[in-house]
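Right, one structure below, let's go through it.
Per chain, numbering begins at 1; letters A, B, ... match sequence-line order.
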Number of protein chains: 2
Amino acid sequence: MTASQPRERLLAAALEQAMHGGIAGMSLRELARAIGTSHRMLLYHFGSREGLLTAVAYAVEEAQRAEVAQLVAVDARRLWQHFSDPVLWPAERLFFELYGQALVGRPGTEEFLGNAIEPWVTAIAPALSREAGLDERTARLEARLAVAVTRGLLLDLLATGDRQGVTEVFERYVQYTESGYRPDANQPGQP
Amino acid sequence: MTASQPRERLLAAALEQAMHGGIAGMSLRELARAIGTSHRMLLYHFGSREGLLTAVAYAVEEAQRAEVAQLVAVDARRLWQHFSDPVLWPAERLFFELYGQALVGRPGTEEFLGNAIEPWVTAIAPALSREAGLDERTARLEARLAVAVTRGLLLDLLATGDRQGVTEVFERYVQYTESGYRPDANQPGQP
DNA sequence: TGGTTCATGTACCAAGTGGTACATGCGGGC
DNA sequence: GCCCGCATGTACCACTTGGTACATGAACCA
């Protein structure tokens, strides 16, 4: 189940490699050389280049889901602390790489899109509903916003490397959510 | 200055093509065929494949900056209405594609990263400072958050296509900002 | 023992790759 | 007229690409 099967072993190695230098732009031979096998083996075990890409995308997705499952009911600051940890940056770069490729229709990455939002929202919303007493609809809205904020700030973080600065921004967002908002505050022109 | 110079004409065509089907995964010949020229011409005018990629990335960046300049002092809802318009989706897909490639170090896209955050913050912050009476530091924090929220929600939008749903989420964020937050809520940190 | 299945290596293929050499047209200045 | 610089086309280069054919080994089961 772990790395005993050669396919699993190769997949793990490919994943590892994908996190250092990307994967969408690599040829089978490049990748094979990098992980110490032959392009013949990659084709044997994954059928085609696209099959390999698909398998990697799927694995990344699965890792994400595992992450989510583990993080339910954790508070926002700890969650950000977790995601902004530099050891996760390679994985997050890979995520954005695959995401970008999926958006332009690169085969083998398309199904990646379907699981980019909904599973996260579904995983986070119940905790919000429970701990903040929100009705389900509102909890899902709030969760969707949280996912977007986290992704947007991760993009910032990966581009700038400025963990402290971005963390400050995240803190500001958290304080918004903690203070709740007053729908009666009406406007028109900003307060 | 427009499309009189052949290089400009080719660049415009390449950009156009890049928005429909991406560009990072295309070969020179594919691209040339798609825009009705020869790969020879692309190499002549851009020096190399990487030169072309760079030029396209640069043009996208420039278009972004123009967008920003035009949007200063516009209110948040109109801004979202603008960015979420389906006619801009191809451009935004291209943005995320280039961003993803830049994050994994694809040559010709690297400098893209440096201008992903700061120019936007600098363009937006003064308006926030002016209209909401925030000090400069706070205005920049707020602007950085706004950029992240917008990008995160655009990612959601491009993946799901659910403009109405995502717009609701954005609305929730706007209401947070409009109601202001109460730092006295509990929290020790942050003034 | 022999047969079967999975894993791997070697060698190859046609097609496509980025890039270059070279010839050709076409315009305006002299 | 002539030349010169830009733009373009044709033909080619060595190399890489994804994929396949085929042989071989190792492990297991009969």
Side-chain angles (χ1 to χ4, degrees), chain A residues 1-18 21-59 97-98 101-102 104-112, chain B residues 1-18 21-59 97-98 101-102 104-112:
Chain A
M1 193 69 72
T2 58
S4 57
Q5 258 67 1
R7 189 194 140 104
E8 306 309 312
R9 182 165 36 86
L10 286 178
L11 180 55
L15 207 55
E16 174 79 12
Q17 170 57 34
I23 194 177
M26 294 183 88
S27 72
L28 282 177
R29 284 168 166 88
E30 274 179 302
L31 183 55
R33 215 175 301 125
I35 69 181
T37 183
S38 67
H39 87 292
R40 176 64 183 77
M41 283 301 96
L42 295 180
L43 287 168
Y44 177 72
H45 287 288
F46 299 95
S48 66
R49 185 199 143 89
E50 181 184 327
L52 171 58
L53 256 191
T54 305
V56 169
Y58 202 83
E97 180 193 20
L98 287 176
Q101 293 294 299
V104 298
R106 177 97 163 206
T109 58
E110 292 131 323
E111 63 273 52
F112 201 59
Chain B
M1 193 67 73
T2 58
S4 56
Q5 258 66 0
R7 189 195 139 102
E8 304 309 312
R9 182 166 36 85
L10 286 178
L11 181 55
L15 207 56
E16 173 81 11
Q17 169 59 32
I23 194 178
M26 294 182 87
S27 72
L28 282 177
R29 284 168 166 90
E30 274 179 302
L31 183 55
R33 215 174 301 126
I35 69 180
T37 182
S38 67
H39 87 292
R40 177 65 183 76
M41 283 302 94
L42 295 180
L43 286 169
Y44 177 71
H45 288 287
F46 299 94
S48 66
R49 184 200 143 88
E50 182 184 328
L52 172 58
L53 257 190
T54 305
V56 170
Y58 202 83
E97 181 193 19
L98 288 175
Q101 294 294 299
V104 298
R106 177 96 164 206
T109 58
E110 292 131 323
E111 63 273 51
F112 201 58

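The distance between atom CE of B/M41 and atom P of D/dA7, rounded to the nearest whole Å, is 9 Å. Between the CG atom of B/L42 and the P atom of C/dG16 there is a distance of 18 Å, given to the nearest Å. Atom CD of A/E8 is separated from atom C1' of C/dA7 by 15 Å (rounded to the nearest Å). C/dA7 atom P lies 12 Å from atom CZ of A/F46, rounded to whole Å. Counting to the nearest Å, the C1' atom of C/dT17 and the CG atom of B/L31 are 14 Å from each other. Nucleotide C/dT8 holds its C1' atom 17 Å from the CZ atom of A/R7, rounded to whole Å. Atom CD of A/Q5 is separated from atom P of D/dA27 by 15 Å (rounded to the nearest Å). Note: CG (B/L43) to C1' (C/dC22) measures 16 Å, nearest angstrom.
Taking each heavy atom of B/L43 and B/S48 in turn, the nearest pair found is CD2-CA, 3.6 Å. For the residue pair A/F112 and A/L98, the shortest heavy atom distance occurs at CE2-CB, 3.7 Å.
Within the structure, a side-chain polar atom (N or O) of A/S27 is placed less than 4.0 Å from OP1 or OP2 of D/dT17. For A/S38 and C/dG9, the shortest distance from a side-chain N or O to OP1 or OP2 is below 4.0 Å. Checking the phosphate oxygens (OP1, OP2) of C/dG18, no side-chain nitrogen or oxygen of B/S48 falls inside 4.0 Å. Phosphate contact (OP1/OP2 of C/dT8, side-chain N/O of A/R9, threshold under 4.0 Å): present. Contact between the side-chain N/O atoms of A/H45 and the OP1/OP2 oxygens of C/dC6 is not found at any separation under 4.0 Å. Contact annotation: A/R49 side-chain N/O to D/dG18 OP1/OP2 distance is under 4.0 Å.
Residue order along DNA chain C, read from the 5' end via each residue's closest nucleotide, puts A/Y44 first among B/M26 and A/Y44.
Residue A/H39 places no side-chain atom within donor-acceptor reach of the base of D/dG18, judged by atom type and a 3.5 Å distance cut-off alone. For a distance-only test at 3.5 Å, the side chain of B/R29 qualifies as a donor-acceptor partner of the base of C/dG19.
Here the side chains of A/E16 and A/I35 are not in contact, with every heavy-atom distance at 4.5 Å or above. A/L53 is not listed as a side-chain neighbour of A/Q101, based on a closest heavy-atom distance of 4.5 Å or more.
Distances from the side chain of B/R40 to the nucleotides D/dT8, C/dT8, D/dT17 place D/dT8 closest.
Across all strands shown, B/L28 has heavy atoms under 4.0 Å from sugar-phosphate atoms exclusively, and none from any base.
Counting only distance, with no hydrogens or angles, the side chain of B/R106 and the backbone of A/G22 share no donor-acceptor pair below 3.5 Å.
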